[in-house]
Amino acid sequence: MLVGKGPISRRSVPPETQASEHLRFIHDVMERSASFTAVPGWGMFVVGITSLSAAWIAAVQASPEGWLTVWLVDAVIAVTVAIVTLRRKAHRCGVSLSSGPGRKYILTLAPSMVAGLLLTVALWRAGSLDVLPTLWLLLYGVGTITGGASSVRTIPVLGICFMVLGVVSLFVPQIWMDILLALGFGGLHIGFGLYIARRYGG
Amino acid sequence: MKVLRQNLDPLIHARVRLGIVSALAAGETLSFRDLKTLLKTSDGNLSRHAQKLEQAGYIKCIKSFQDRIPLTEYRLTSEGGAALLAYVEQMERMLQMARAVTPD
């Protein structure tokens, strides 16, 4: 029986309206199930602040190795902050990171991060550090877009912004690279982090 | 229309059970806690409905430990996926029939 036991149990409601509302209920549950809301806005904000500092410190380094070291240290700090705040927010929201959308988010974000790390090592060994900012911006953008497919809608938009900066970095002088990295890993993280923290509860 | 209504699968027609099946269709594997948060229901209610779906072979229950804490996860089986698809198709057919008999 449709009436009385289903998601919509109003006897006076015509069957077609009930069918329509049942379908909307299914769609709504599926959409909420696929949306990972444990993305930590405040964590993103902190990563943005550390990245702005890293961009400033890296820009005044005398050697390319010094420049790379600063950014690698920042990456380690960023990953640590991200993991800690992600776990804390997931725990607070009652969302598991080992299953469902949480797992999907991490699994889709991780490959481009690992690829970025391996290519950084390869390019450092080849002495081609000039292309690293473009590579980092594009790969982080790709990872954020794919990870964002199972997250709140803001995340893929963040990924697109990173990719736009990556494309811009192809056409500007090398001296602009730290500014683009500061805009991306600093500015975008701060802006989107604040938005997510205010809109999605932390 | 009446025949369609009579043929609805009673197992997934109940709100919580339909919610569980729909959530698992989108979220692949979800923990008991995820489902409870998503469907805004009590432990006992969710447990009872999940058990019915498990007995029918619509979902599979996976029990493990995470940081020494018991973790119960659910996954939709192919039978459950087929049942949800059939249910959605019946709903869509009901809508189409209603539109066919309703004048513009």
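The sequence lines fix the lettering, A, B, ..., with proteins before strands; numbering per chain opens at 1.
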Between [X] and [Y], what is the shortest heavy-atom contact and its length?
X: B/Y58; Y: B/L76; answer: O-CD1, 3.5 Å
X: A/F162; Y: A/G184; answer: CZ-O, 3.2 Å
X: A/L165; Y: A/L183; answer: CD1-C, 4.0 Å
X: A/V81; Y: A/G43; answer: CG1-O, 3.7 Å

**Message:** Quick check against the 3.5 Å criterion: does A/H22 have a side-chain atom that pairs as donor or acceptor with the backbone of A/Q18?
**Reply:**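 Answer holds: yes.
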
**Prompt:** Which residues in residues 39-48 of chain B have any heavy atom lying under 4.5 Å from a heavy atom of chain A?
**Reply:**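 Residues in range: B/L39, B/K40.
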
**Message:** With a 4.5 angstrom heavy-atom cut-off, is it the side chain or the backbone of B/Q96 that approaches chain A, or both, or neither?
**Reply:**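 Neither part, no heavy atoms under 4.5 Å.
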
**Item:** side-chain contact (heavy atoms from CB on, under 4.5 Å) involving B/Q51 - partner list, sequence neighbours excluded
**Value:**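 Once residues adjacent in sequence are excluded, the partners of B/Q51 under the side-chain contact (heavy atoms from CB on, under 4.5 Å) criterion are B/Q55.
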
**Request:** Please state whether the side chain, the backbone, both or neither of A/L23 comes within less than 4.5 Å of a heavy atom of chain B.
**Result:**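 For A/L23, side-chain heavy atoms alone lie under 4.5 Å from chain B.
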
**Message:** Taking the ring centre of each residue, are A/H189 and A/F45 less than 6.0 Å apart?
**Reply:**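 Not close enough - the centres of the two rings lie 6.0 Å or further apart.
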
